[in-house]
Structures are given as structure tokens and as C-alpha cells.
Amino acid sequence: FHIAQSRNGAVTGFMAAGQDGFKIYTLAAGEPLQTLYHGAQLVLGPYLSAGGEIAVLRGLKASGSLDTHLIAYARASRQVIGEFSGGSGASISPGPFSPREGDQRMAITTSETGFDRPAIWNIATSECRKLAVDALAGNITVADWSPDASRLLLIQLYQARYRLYIYDLEDDTVAPLMHPAGVVSQSFFGPSGEIYAIWQDSTLPSRLIALDHRTGERARTVLGSSEVPSGHKLRPVTYESSEGGIIQAWLATPDASGPYPTIVHAHGGPVDVMTELFSPVAQGWVDHGFAYCSVNYRGSTTFGKAFEKAIWGRLGTCEVIDIADACAWLVAEGIADPRRLFMVGGSYGGYLMLLTAGKYPGLLAGGVAVAAIADWTMMVEDAAETLRGYFQTLLGGPPAERSDAYRDGSPLAYVEDVQCPLLIIQGRNDTRCPPRQMEVYFERLQALGKDAEIEWFDAGHGLFVREQQIDHFARMLEFVHRVLARASE
């Protein structure tokens, strides 16, 4: 579930989960495999110092909470040598260690302010140095240290948009880098003084680019990708939630005038966010004449911890409200034809698609759910060990204690109210969204005479074979066009 290596390559660590609990292992040259941690509680890691002498684990602060703290171990002795928990309600996340061997400083983030903010934790002295970034909004994390450990490369991710900065540890100054707008999934200091970044935007696939270390302007493309047809830019839009607050989404429209048949997309997660990623599927919908809108519903990251935690203990409540409000906004703006509104999503997004169809009958012309969740109780019963505790925490406890939340948050509870045609695409070997719960849901759809079809594929939580991805998108297109043709008869 996690694998890491010390910067000098001497130590490797990984996490494994099974019915006997969670284990953290480390392996160093000339040494036997070592079990650093074994327990029933979910932990992530290890995160290794430059020389591998320290291993940091990230664990849950308390039962029933998703907030995390850090525990530092001396790898050789397996003794705890430090812990960092932060204040009540704060989550502490690990970043990179200093690149200098023997240096016990680790970059971390703390969410005490409502956003992830960077700090330097010195495990040797237990001191924590917060970085002077109050002038920057949103989540700020440390991507890398300079080779001499005098500067930090920071990533700002705020309201689903990225920006890079250089932080000077000697005088606590922050300088922005003028890199191209888009998504920066990784960035690091290069050996020749340049800064490298894995970058993409909604019209160009991911590529490795080199940035000028002084200005951040793109100097060259180090490793490109294949050429793609010209596409439509996803642009950020906002609308007001009917429950108050602002919801952000990404929108692209065809070249013709609207209103258009429209695809409303819900991302997975839920602890995730839709950014200006290159999406062949999004571009495909627009190429076929559809408007495409991907919603960062409540529960998404980068909009503050209160926004992210709004769904805890009541999954499927405010997310579908935000999606229904997106549909209303799209119609009011003259973008979407209300008779030709479709919703698509995968994983948690597929779950929200099925839930929206049941909770808002008559809203959608049709929906496509991929690798989706249909019933939380069966999900928890059948889920992989790594996810069972996570699901139960999101729902506020186990099924026996929170039966109302499990029932009310499940599409199965609203199956009788579904009115629109559904296409479900599900993996037979999925351990995140196991097949039994979807089999029961689809059988119930059939028994009620609903217009629904299901396609099972022989893989796990999604497909990674390009030809099969193309086949599935073709199936979605055929389904949507068939629904539209029937509606126009």
C-alpha cells in the first residue's frame, strides 16, 4: 500500500495489510527484513530520512477520527524517538526529510488553521519551526529541499489550482515561480540547478519540464508525450450552494452555441479534488457536442478543512445537493438543456451518480456509474482491510452503531425512486468497491423494471489497458446517444 526508499538508496520500507492487521517493514542491505510496526490500527509509511536511520509513521490520532499524527522511530532499534500531534482537530502530514545524511529535520504540514500549512519538525530537538507563509492562501506543502538544505520548493494548492514558490530558510522569504498555469503533480530540484516539474493542463498530457531556478519560467521539455488533437480548455467557474457557500467546478463547452446536452461529472475520493488535468474522456465528451462540468462538491480538498469534513458522518447528503445545484446553475446560465442532463462518475463519483438518480428523480436524463458504491453495509463487510476502517470512520462508526447513516447514505435505499436510464460498469475483482453490493443493487433495479444495464469487466478498481478504456468510453457514448434518440422520438 506504500513503498519508500531513503535518499541514499540504502533502506527500503513498505506497508502491508492483512486480516492480522497492519505491518510496516524495512529492509537494508545486509540485514534481514525487519518488522517496524504491527497493530490493528491503520498506519501509513514509512517515511525515511536521507540515510534511512529514522522512519516516520503516520497514524490516526484517535478512534473515529481521520486526523493523523506522526511517530518517529529509530529504525535499527525500533524505538520511538519522537511524536508530533498538533492541536485538537488538527491533522499532521509528512513531507520530505532534509537531503543531508544525519539531518533529522523533516518537512511536515499541520491543518490547525483550516488549511495544510508547512513547518519543519526537528526530531532530534522536538522543535517545530513554522514557515512564514501567512501571505499565501490555501494548502501549502513542501515538495523538495535544495541539495544544500538551504531552500525549499513549495507547492500551493488552493481552490483546485497550483502555484510553485521558493522558500529561503536563511531569511524566511518566499518568491513565486512564474511557471505555466496548469497541474504540477510533482516537482523537485534538479542536479544542474534547474527545477523539474511534472506538468499538464486540460489540453496537454503530462510531461516533465525544466524551469529556470530564478524565475520559474519553462526552460525546456525534458520528457514529452505523444501529440494530441487540439482540445477545449477547462475553465474554473463558481456557483452558490442552496445551503450557503460557494462551490467550484471546471467547465468546457463545444464551439457551437448552447444550450447543450451536458455531462455533469463527479470525481472520486471523496478526499480528492478535480483540477485542470488532461482528461481524454472530458475532451471526448466535448468533441461529441456535450458541455462538460466537473464539480468539486463538499468533501473535496483544497477548499479548507471545514469544507472537506462537511460530509463526515453523513455521506451522500451535501454532495448530491451540490451536484443538483450545479445542474440548476448550468440550466440557469443557458449552458445545459434541462432535458439532456447526464451524470457520470467513477468510484465515489459513481456512488454519487447513483445516489443523485435516486434522491433527485426527474433531474437526469441518464447516468453512467463506473466502479461504484451501491450499499455501505455490504461495502464495509466485503472491503479490503486497508479500507474497512477508513469507510467506518467516514460514516461515523460501524454499521451496528450507525445503521441510519449507512442506510440513508446508500443508493440501494433509493432504488425504487430511480427514473432515468442507468449504465453501470463494474469490476469483478474490485476490492475497493466489491462486486456483491452492486450485484444486489442491479438485481433490485431489474426486479423493479428499471431501465438499467450493467457491464462487468475482469479487473479491479478501474481499467488501465488503453484499448479497454477506449471501448468503455465508446460504450458510454453509445448509451447516452441511445437515450437521447429515444427521448426525441
Asker: For E83, check salt bridge (charged side-chain N to carboxylate O under 4.0 Å, His left out) against everything at least two apart and list the hits.
Answerer: none

Asker: Short question: side chain of S241, backbone of E243 - any donor-acceptor pair under 3.5 Å?
Answerer: yes

Asker: For S300, which of E308, Q248, H267 qualifies under side-chain hydrogen bond (donor to acceptor under 3.5 Å, both in side chains)?
Answerer: H267

Asker: Is it the case that the side chain of R75 and the backbone of G52 share a donor-acceptor pair, with hydrogens and angles ignored and the cut-off at 3.5 Å?
Answerer: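 Indeed, once roles are kept as given, a pair shorter than 3.5 Å links the two residues.
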
Asker: Donor-acceptor pair, Y37 side chain versus P46 backbone, under 3.5 Å?
Answerer: no

Asker: Enumerate the ring-ring contact (aromatic ring centres under 6.0 Å, His included) contacts for residues 385-414, please, sequence neighbours excluded, ordered by first and then second residue.
Answerer: W376-F391

Asker: Not counting sequence neighbours, which residues clear ring-ring contact (aromatic ring centres under 6.0 Å, His included) with F290? List them please.
Answerer: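 Testing F290 for ring-ring contact (aromatic ring centres under 6.0 Å, His included), a comparison that skips the adjacent residues, returns W285, H481.
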
Asker: Under 3.5 Å, is there a donor-acceptor pair linking the side chains of H461 and S347?
Answerer: yes

Asker: Under the ring-ring contact (aromatic ring centres under 6.0 Å, His included) test, which residues partner F97, sequence neighbours left out?
Answerer: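 In terms of ring-ring contact (aromatic ring centres under 6.0 Å, His included), with neighbours along the sequence ignored, F97 is linked to no residue.
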
Asker: Would the number of heavy atoms belonging to other residues, nucleotides or ligands and lying under 6.0 Å from NZ of K233 be above 12?
Answerer: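 Result for NZ/K233: enclosed.
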
Asker: Indicate whether any N or O donor in one side chain lies under 3.5 Å from an N or O acceptor in the other, for S202 and E276.
Answerer: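 Yes, side-chain donor-acceptor contact under 3.5 Å.
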
Asker: Is it the case that the ring center of H472 lies less than 6.0 angstrom away from the ring center of F457?
Answerer: yes

Asker: Is the backbone of A383 close enough, under 3.5 Å, to the side chain of R388 for a donor and an acceptor to pair up by distance?
Answerer: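 A pair under 3.5 Å: yes.
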
Asker: When you check the side-chain N and O atoms of T12 and Q5, is any donor under 3.5 Å from an acceptor?
Answerer: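 On atom types as modelled, these side chains qualify, holding a pair under 3.5 Å.
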
Asker: Can a donor-acceptor pair be found, under 3.5 Å and without considering hydrogens, that links the side chain of S6 to the backbone of V11?
Answerer: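 It does hold such a pair.
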
Asker: Determine whether a donor-acceptor pair (N or O, by modelled atom type, separation under 3.5 Å) exists between the side chain of R78 and the backbone of L36.
Answerer: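 No, R78 side chain to L36 backbone: no donor-acceptor pair under 3.5 Å.
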
Asker: Is a salt bridge present between D430 and R432, judged by a nitrogen-to-oxygen distance below 4.0 Å?
Answerer: no

Asker: Say whether, by atom type as modelled, one donor and one acceptor occur between the side chain of H38 and the main chain of D20 under 3.5 angstrom.
Answerer: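 Yes, H38 side chain to D20 backbone: donor-acceptor pair under 3.5 Å.
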
Asker: Give a yes or no answer on whether the side chain of H232 reaches the backbone of Q283 with a donor-acceptor pair at less than 3.5 Å.
Answerer: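 No, because the side chain of H232 does not come within donor-acceptor range (under 3.5 Å) of the backbone of Q283.
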
Asker: Distance-only, no hydrogens or angles: does the R402 side chain make a donor-acceptor pair with backbone N or O of L395 under 3.5 Å?
Answerer: yes

Asker: Return yes if a side-chain donor-acceptor contact under 3.5 Å exists between Y348 and E319, otherwise no.
Answerer: yes

Asker: Would you list the atom pairs, donor with acceptor, under 3.5 Å between side chains in residues 352-361 and any protein atom, with sequence neighbours excluded?
Answerer:
{"residue": "T356", "atom": "OG1", "partner": "L352", "partner atom": "O", "Å": "2.7"}
{"residue": "K359", "atom": "NZ", "partner": "G316", "partner atom": "O", "Å": "3.0"}

Asker: Under the salt bridge (charged side-chain N to carboxylate O under 4.0 Å, His left out) test, which residues partner D375, sequence neighbours left out?
Answerer: none

Asker: Between T262 (side chain only) and L341 (backbone N and O only), is there a donor and an acceptor less than 3.5 Å apart?
Answerer: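 Judged by distance alone, no pair lies under 3.5 Å.
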
